[in-house]
Amino acid sequence: NRSSDLLRVAQKLGFSSGSIDEAVDHMTKMYQLFIEKDISMLEINPFAEDAHGRIVCMDCKITFDDNASFRQRDVFALKDWSQEDEREVRATKANLNYIGLDGSIGCLVNGAGLAMATMDMIKLHGGEPANFLDLGGGAQQEQVTQAFHILSQDKRVLAILVNIFGGIMRCDVIASGIIAAASEIDLKIPLVVRLQGTQVDDAKLMIANSGLKIYRKSGS
């Protein structure tokens with residue numbers, strides 16, 4: 001059972017016989033906390049025994065699973081947003097998967113795999129991506145617009161590349177968001193759009209008729 005497993009772990013770690021029970025108690029509580037609070041990493045290092053036989057936990061790092069925020073509202077309410085990248089804060093509020101980087105080419109992609117491949121493609125041709133941004137499969141026009149706001153307000157971004165494969169995500173929804181965002185923010189930097197998949201012909205027509213300077217690239 002769990003207690004006997006933890007006892008063996010404590011023995012293997014070299015705790016003295018007088019401190020074994022306390023070490024097991026600490027590890028038991030760590031396990032309970034890990035499960036109850038949806039923790040993805042709980043690290044105590046060093047976890048040691050002092051010269052008097054007392055168990056000491058010198059340093060602790062905890063990472064919580066973002067996907068469990070709805071279950072752990074009390075924990076996530078403690079988050080200090082001032083310590084986060086402002087771009088990532090805005091993306092989180094818009095329910096976008098975004099990680100800010102230091103490059104000059106903003107990326108707006110659907111699907112984590114395609115997003116990573118797009119970033120690799122940019123680097124292969126000598127560029128540097130400014131971000132990882134995965135719209136996911138169920139994004140709405142408002143999220144697309146918010147994504148453009150985040151990208152366009154990053155002073156390091158000199159161009160934006162949109163790379164969409166419309167499987168679950170419809171290309172015309174993306175096109176609507178692109179047109180709305182580009183019109184609203186009066187986009188001044190080059191915008192290159194590659195669309196392929198569901199409703200792609202409608203999306204291309206919408207972009208062509210928008211009157212906006214958008215460079216279209218047909219999917220292959």
Side chain to side chain donor-acceptor pair (under 3.5 Å) involving S82 - partner list, sequence neighbours excluded: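 Listed in chain order: D80.
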Hey, is the main chain of [Y] close enough, under 3.5 Å, to the side chain of [X] for a donor-acceptor pair?
{"X": "D134", "Y": "G111", "value": "yes"}
{"X": "S69", "Y": "D66", "value": "yes"}
{"X": "S210", "Y": "I179", "value": "no"}
{"X": "N209", "Y": "L205", "value": "yes"}
{"X": "S152", "Y": "H149", "value": "yes"}
{"X": "E88", "Y": "G100", "value": "yes"}

For M58, does the CE atom sit with more than 12 other heavy atoms under 6.0 Å from it, leaving out its own atoms?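 Open: at most 12 neighbouring heavy atoms sit under 6.0 Å from CE of M58.
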Using a cut-off of 6.0 Å, state whether more than 12 heavy atoms not belonging to M116 lie near its atom CE.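 Open: at most 12 neighbouring heavy atoms sit under 6.0 Å from CE of M116.
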Identify which one of K37, K79, Q72 satisfies the side-chain contact (heavy atoms from CB on, under 4.5 Å) criterion when paired with F64.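 So the option named by the test is K37.
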Closest approach of I55 and A23, non-hydrogen atoms and distance?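 Scanning both residues, the minimum pair turns out to be CG1-N, 3.9 Å.
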Please report the shortest heavy-atom distance between L96 and Q143, naming the atom on each side.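 That closest heavy-atom pairing would be CD1-O, 3.9 Å.
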Does a side-chain heavy-atom distance below 4.5 Å link [X] with [Y]?
{"X": "N97", "Y": "L135", "answer": "no"}
{"X": "L6", "Y": "T28", "answer": "yes"}
{"X": "L33", "Y": "I39", "answer": "yes"}
{"X": "N163", "Y": "L114", "answer": "yes"}
{"X": "I207", "Y": "K204", "answer": "no"}

Show your working on side-chain contact (heavy atoms from CB on, under 4.5 Å) between M206 and D172 and close with a plain yes or no. CA-CA 8 Å; M206 291 167 65; D172 58 334; 3.9 Å; yes
Assess whether side-chain contact (heavy atoms from CB on, under 4.5 Å) is satisfied between S3 and V24, documenting all intermediate values. CA-CA 8 Å; S3 296; V24 169; 5.5 Å; no
Audit row: N131, I99, side-chain contact (heavy atoms from CB on, under 4.5 Å) steps and yes/no: CA-CA 6 Å; N131 63 276; I99 299 173; over 6 Å; no
What verdict does the side-chain contact (heavy atoms from CB on, under 4.5 Å) test give for L161 and T118, after you've listed the backbone C-alpha separation in whole Å, the side-chain angles of each residue and the deciding distance to 0.1 Å? CA-CA 9 Å; L161 171 62; T118 300; 3.7 Å; yes
Sidechain N-carboxylate O distance under 4.0 Å for [X], [Y]:
{"X": "E49", "Y": "R54", "answer": "no"}
{"X": "K61", "Y": "D59", "answer": "yes"}
{"X": "R8", "Y": "D5", "answer": "yes"}

Less than 3.5 Å apart, any donor N or O on the side chain of S40 or D65 sitting next to an acceptor on the other?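 There is no such pair (donor and acceptor under 3.5 Å, judged by atom type) between the side chains of S40 and D65.
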